Amino acid sequence: MSNTDRSKQSIVILTGAGISKESGLDTFRDADGIWSKVRLEDVATPEGFERNPRMVQDFYNSRRHQLAESDILPNAGHEALARLEKEWPGDVLIVTQNIDNLHERAGSRNVLHMHGELLKVRCGRCSNQFQWVTDLHVEEACPACGETDGMRPHVVWFGEMPLEMDRIYATLERCALFMSIGTSGNVYPAAGFVSHVRQCADAHTIELNLEPSEGATFFAQALYGPATEVVPTYVEKILDAGW
Ligand code: BJW
């Protein structure tokens, strides 16, 4: 591949909880994952929030606290992707299902959080969003409209529409490389991105994960191992010789 060609080759990277595991954040569906401790119906659905807003706010407040702990840091996987964005002459977009901010803290700038962001909240009454680093309380007044019954974490629960879908699909359709990192392939629409790419783009597809995901057979290539090892290795290869 010549440098001129590279500048036209865009890369889309889907990330999931597995990339942040070695930074100290739990995945969802591994044996010790979040869903082994709390029921997703209780904390990750609009119905669960309606039933028990305090339990849901407590769940996200404790995850917000954990993200602020001094030992929760970007790892070599996040750092390699930030390096790729800096050094690859074409566009690099990270579409993350994660609500943590470890990609940004590693230096990535082009990041879409399709399932929302832990450090943001929004008002269901007036739709304004706010940066939020502390606890969010039940009956918190909205800083914009003042209503006390609309504030919620800025996250996407089951049954809700993920964010930025038009932009994501448009970018998937013109990419040359689609990488999926640290996601089990259980949750749609993200789990369907690889099939969409294969239908709509002439792209190479690769999964980097600890183990084969639910959608492993849809990828042209796979590298299995911890993200802190396989991601830097593959990024080095791309920058050196392409895919
Ligand atoms: C490592 C590692 C290491 C470990 N290194 N790797 C029937 C069929 C199809 C779809 C549906 C259906 N019924 C309902 C649906 C739709 C539903 C859905 O997909 N349900 C499934 C359960 C079937 N989806 C939705 O409702 C979504 N909305 C929607 O579809 O809207 C309609 C629509 C229509 C048309 C177009 C577009 C939209 C919304 C989904 C919202 C998901 N929300 C959550 C919570 C977010 C907030 C929070 O964080 O609390 O998002 S659930 C949770 O799962 C979270 C994650 O982002 C998401 C994905 O999990 P992820 O990242 O894959 O984690 P794990 O734990 O599953 O996997 C980790 C992987 O890492 C594993 O493979 C490990 O091996 C690996 N790993 N250590 C590398 N060191």
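Keep in mind that the numbers below use all heavy atoms, side chains included, and drop hydrogens, waters and symmetry copies. We count ligands from 1, going down the list as the structure has it; atoms in each ligand are counted the same way. Fair warning: this is a prediction, and the values are worked out from it, not measured in the lab.
Every atom of ligand 1 with a heavy atom of Glu160 under 4.0 Å away is listed here by number and element: 27 (C), 28 (N), 29 (C), 31 (O), 39 (C). Set against the non-hydrogen atoms of Pro162, the atoms of ligand 1 under 4.0 Å away are 28 (N), 29 (C), 31 (O), 38 (C). In summary, the atoms of ligand 1 found under 4.0 Å from a heavy atom of Val187, numbered by their order in the structure, are 19 (O), 40 (C), 42 (C), 54 (O), 58 (C), 59 (C). In summary, the atoms of ligand 1 found under 4.0 Å from a heavy atom of Gly182, numbered by their order in the structure, are 6 (N), 69 (C), 70 (C), 71 (O). Of all atoms in ligand 1, numbered sequentially from 1 with element shown, those under 4.0 Å from a heavy atom of Gly16 are 62 (O). Less than 4.0 angstrom separates some heavy atom of Glu211 from each of these atoms of ligand 1: 75 (O). Contact atoms of ligand 1 toward Pro226: 5 (N) (distance under 4.0 Å to a heavy atom of the residue). Against a heavy-atom cut-off of under 4.0 Å, Trp157 is close to the following atoms of ligand 1: 39 (C), 41 (C).
Between Val12 and the choices Leu172, Val197, Leu177, the side chain to side chain contact (heavy atoms under 4.5 Å, CB included) rule is met once, by Leu172. Of the candidates Leu136, Val121, Leu118, Leu118 is the only one forming a side chain to side chain contact (heavy atoms under 4.5 Å, CB included) with Tyr60. Each of Glu160, Glu140, Glu50 was checked for a salt bridge (charged side-chain N to carboxylate O under 4.0 Å, His left out) with Arg152, and the lone residue meeting it is Glu160.
By the definition of a contact as any protein heavy atom under 4.0 Å away, atom 55 (C) of ligand 1 is in contact. Contact annotation for atom 35 (C) of ligand 1: protein absent (non-hydrogen atoms, distance under 4.0 Å). Atom 7 (C) of ligand 1 is never approached by the protein to below 4.0 angstrom, counting heavy atoms only. Distance remark: protein heavy atom present below 4.0 angstrom from atom 59 (C) of ligand 1. Protein non-hydrogen atoms do reach within 4.0 Å of atom 42 (C) of ligand 1. Within a 4.0 Å radius of atom 79 (C) of ligand 1, the protein has at least one heavy atom. Atom 11 (C) of ligand 1 lies below 4.0 Å from none of the non-hydrogen atoms of the protein.
Counting only N and O atoms by type, the side chains of Asn75 and Thr228 include no donor and acceptor under 3.5 Å apart. For the residue pair Glu173 and His196, a side-chain donor N or O sits within less than 3.5 Å of a side-chain acceptor on the partner. Judged by distance alone, the side chains of Thr205 and Gln221 never bring a donor and an acceptor atom under 3.5 Å apart. For the residue pair Asp135/His65, the side-chain donor-acceptor check at 3.5 Å is satisfied. Using modelled atom types and a 3.5 Å distance limit, the side chains of Glu207 and Ser180 yield no donor-acceptor pair. In summary, the side chains of Ser184 and Ser213 do not present any donor paired with an acceptor at a separation below 3.5 Å, with no hydrogens or angles considered. Using a 3.5 Å distance cut-off with no hydrogens or angles, the side chains of His78 and Ser108 do not pair a donor with an acceptor. Judged by distance alone, the side chains of Glu85 and His103 never bring a donor and an acceptor atom under 3.5 Å apart.
Only the side chain of Glu22 comes within 4.0 Å of ligand 1, judged by heavy-atom distances. Using a 4.0 Å cut-off between heavy atoms, Ile99 contacts ligand 1 through its side chain alone, with no backbone atom that close. At a 4.0 Å heavy-atom cut-off, ligand 1 touches Asn186 through the backbone alone.
Annotation: Glu41, atom CD; neighbour count of heavy atoms from other residues, nucleotides and ligands within 6.0 Å is above 12. Heavy-atom neighbours of Asp166 CG from other residues, nucleotides or ligands within 6.0 Å: at or below the threshold of 12. Crowding of Arg54 atom CZ: a count of heavy atoms from other residues, nucleotides or ligands under 6.0 Å not exceeding 12. The local environment of CZ in Phe218 is sparse, with at most 12 non-hydrogen atoms from other residues, nucleotides or ligands closer than 6.0 Å.
Atom 61 (P) of ligand 1 has its closest protein heavy atom at Thr183 OG1, 3.8 Å. The closest protein non-hydrogen atom to atom 48 (C) of ligand 1 is Arg63 NH1, 3.4 Å. Here the heavy atom of the protein found nearest to atom 76 (C) of ligand 1 is Asn209 OD1, 3.3 Å. Looking at atom 32 (C) of ligand 1, its nearest protein heavy atom turns out to be Met161 SD, 4.1 Å. Atom 77 (N) of ligand 1 has as its closest protein heavy atom Gly18 CA, 3.6 Å. For atom 44 (C) of ligand 1, the closest heavy atom belonging to the protein is Val156 O, 4.0 Å. When hydrogens are left out, the protein atom nearest atom 62 (O) of ligand 1 is Ala17 N, 2.8 Å; that is the closest non-hydrogen contact. Atom 51 (O) of ligand 1 has as its closest protein heavy atom His115 ND1, 3.2 Å.
Aromatic ring centres of Phe178 and His204: separated by at least 6.0 Å.
For the pair Ile19 and ligand 1, the shortest N or O to N or O distance does not fall below 3.5 Å. Considering both main-chain and side-chain atoms, Ala227 comes within under 3.5 Å of ligand 1 through a nitrogen or oxygen pair. Of the N or O atoms in Tyr60, one or more lie within a sub-3.5 Å distance of an N or O in ligand 1. For a threshold of 3.5 Å applied to N or O pairs, the pair formed by Pro189 and ligand 1 contains no separation below that value. Taking only nitrogen or oxygen atoms, main chain and side chain alike, Arg29 reaches within less than 3.5 Å of ligand 1. For the pair Trp35 and ligand 1, the shortest N or O to N or O distance does not fall below 3.5 Å. Looking at Phe59 next to ligand 1, no N or O pair under 3.5 Å apart turns up.
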Legend entry - salt bridge (charged side-chain N to carboxylate O under 4.0 Å, His left out) evaluation trace for Lys21 with Asp32: CA-CA 11 Å; Lys21 172 73 178 172; Asp32 60 349; 3.1 Å; yes
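Note that CD of Gln66 and CD1 of Ile72 are 5.0 Å apart. Values are rounded to the nearest 0.5 Å. If you take NE2 on His113 and NE2 on His154, they are separated by 9.5 Å, rounding to the nearest 0.5 Å.
Nearest to atom 65 (P) of ligand 1 by heavy-atom distance, out of Gly192, Gly116, Ser184, is Ser184. Taking all heavy atoms of Tyr188, Tyr169, Tyr224 into account, the minimum distance to atom 9 (C) of ligand 1 is reached by Tyr188.
Of all heavy-atom pairs between Met55 and Asp42, the closest is SD-CB, 3.9 Å.
For the ligand labelled ligand 1, residue Gly159 lies inside the 4.0 Å heavy-atom shell.
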